[in-house]
Asks: 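Input: one structure, supplied below.
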There are 2 protein chains.
Amino acid sequence: MPDDAPKKPSRIQLKNRKKILDAALEVFSSHGFRGATLDQIAEAAGLSKPNLLYYFDGKEDIHRTLLNGLLDVWLAPLKEMDPSGDPLEELMGYIHRKLEMSWEMPRESRLFAGEVIQGAPRMEADLQSGLKPLFDAKCDVIRGWADAGLLAPVNPAHLLMSIWAVTQHYADFEAQVGVLTGPAPRAEARAHVDKMFRSLLSP
Amino acid sequence: MPDDAPKKPSRIQLKNRKKILDAALEVFSSHGFRGATLDQIAEAAGLSKPNLLYYFDGKEDIHRTLLNGLLDVWLAPLKEMDPSGDPLEELMGYIHRKLEMSWEMPRESRLFAGEVIQGAPRMEADLQSGLKPLFDAKCDVIRGWADAGLLAPVNPAHLLMSIWAVTQHYADFEAQVGVLTGPAPRAEARAHVDKMFRSLLSP
DNA sequence: CAAAAATTTGACCAGTTGGTAAACGATTGC
DNA sequence: GCAATCGTTTACCAACTGGTCAAATTTTTG
């Protein structure tokens, strides 16, 4: 018999865990792990601090849960890239989906970025087990496309990293983008990114 | 008579301030402002904590001094871009210099990135006064080149941001790059970045 | 060298922070 | 209806952190 009984969570547990994770996303993404305090998260969640710790084992637990759930969301667009589709349009579709995510989920992007910048101390395992295999698989797909002459010859790994760099930049460096461009850079960004990668990838 | 006598710093002051700033760069860049402690910085600098505070007014003072000095270094390559040179080669030269900086000065890059990700709370003024004017000026230069047909038509602001995004990615996301690519991605990165921007910019 | 100035240190402090214990309320299953 | 479980709060603490201060030590200067 398994000694870790799953004990299906009650409605109230589901609701409060969700509230906590949402509050934690807000706070962690704008102050970093160390910069965030349980009091801040508790207040943002509308709960008391000891109440937080009734639902999670501690600050690290909240953070880890958040990052873990995030990785799936974050990689979903890449998973959708279809090896049997039209190469250029599959890649451009991925790029636009990723760019859209940066506008729609900047907190998630910054949480991720902050963690990686600091050496991913609480995420190394997830990167190895979650990100690496998918990354390698998609690199193979892209290499296949390029070898078949359906794309310009390109280094798949560095292509993917460039895509992440450019698209996530709009979320992660929002403070800088805001200072440097007008209030509505979204359409311009879309056009620019489209042109940049299309010119690189067109065979 | 000016009441804030400059009082030229002694050899010992110069040396220790340098040691402190170097230690602070190490610690701040890998733990963020809030995550860094004065004790950590003091230990890395080989000084006692009260001794740190003899040279700087406090944690914020150290951080601000660091960021302030950094912005100049960071923008130097952009300043070097010569409006009267060959457009494509000036831009590609800038790109390669910026990429080189990411490999040579990853701590500086991460310090900057961490600050901007968290909304640049201690840097807004510097961005407005130091970065914005240079950015606008160089955008005008690039626009001029493009209008003259010496470059492919391109959005100057988003071009510059793309350059930053791609080049700094190798420093800021080093932990991720390390997991995903082999141990020597430097030459590959160079080739990829060159190809990407050359294909975008060639008229 | 001796006085003055600069530098360094040890002891200390007040505020913050992650986390705990136990009592108190609310739900739920029977 | 009522006991048992679940959920919440109050009061609290030990560790850490940024910062102070006066004394001690070293360096510079006349």
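Every chain is numbered from 1, with letters handed out A, B, ... down the list of sequences.
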Asks: Between A:D126 and A:K132, does at least one N-O distance fall below 4.0 Å, as a salt bridge requires?
Replies: no

Asks: Nearest-Å distance, CZ (A:F56) to P (C:dT20)?
Replies: 15 Å

Asks: Could you list, one pair per line, each protein nitrogen or oxygen that sits under 3.5 Å from a nitrogen or oxygen of nucleotides 15-20 of chain D, together with the distance?
Replies:
from, atom 1, to, atom 2, distance (Å)
D:dT17, OP1, A:R34, NH2, 2.6
D:dG18, OP1, B:A36, O, 3.2
D:dG18, OP1, B:K59, NZ, 2.8
D:dG18, OP2, B:L38, N, 2.9
D:dG18, N7, B:K49, NZ, 2.9
D:dG19, OP2, B:K59, N, 2.9
D:dG19, O6, B:K49, NZ, 3.4

Asks: Distance check: side-chain N/O of B:Y54 vs OP1/OP2 of C:dT8, anything under 4.0 Å?
Replies: no

Asks: Starting from C1' on C:dG18, measure out to CG on A:L52 and report it in whole angstrom.
Replies: 11 Å

Asks: Short of 4.0 Å, heavy atom to strand atom, which residues of residues 14-31 of chain B count as contacting DNA chain D?
Replies: none

Asks: Any Lys/Arg nitrogen of B:D140 or B:R143 sitting under 4.0 Å from an Asp/Glu carboxylate oxygen of the other?
Replies: yes

Asks: Going by an N to O cut-off under 4.0 Å, is there a salt bridge joining B:E174 and B:R110?
Replies: yes

Asks: If the threshold is 4.0 Å, N to carboxylate O, is there a salt bridge linking B:D57 and B:R64?
Replies: no

Asks: Is it true that atom CD of A:E100 has more than 12 heavy atoms of other residues, nucleotides or ligands lying nearer than 6.0 Å?
Replies: yes

Asks: Taking OP1 and OP2 of C:dT7, is either one under 4.0 Å from a side-chain nitrogen or oxygen of B:N51?
Replies: no

Asks: Using the ring-ring contact (aromatic ring centres under 6.0 Å, His included) rule, take A:F112 and A:W164 through it: C-alpha gap first, then chi angles, then the decisive distance, then the call.
Replies: CA-CA 12 Å; A:F112 192 82; A:W164 296 343; 8.3 Å; no

Asks: Between B:R198 and B:E89, is there a side-chain N and carboxylate O pair less than 4.0 Å apart?
Replies: yes

Asks: Does a nitrogen or oxygen in the side chain of B:Q13 sit under 4.0 Å from OP1 or OP2 of C:dA6?
Replies: no

Asks: Would you please confirm or rule out a distance under 4.0 Å between OP1 or OP2 of D:dT9 and any side-chain N or O of A:S48?
Replies: yes

Asks: Taking B:E104 first and then B:R186, would you say they form a salt bridge - that is, a charged N and a carboxylate O separated by under 4.0 Å?
Replies: yes

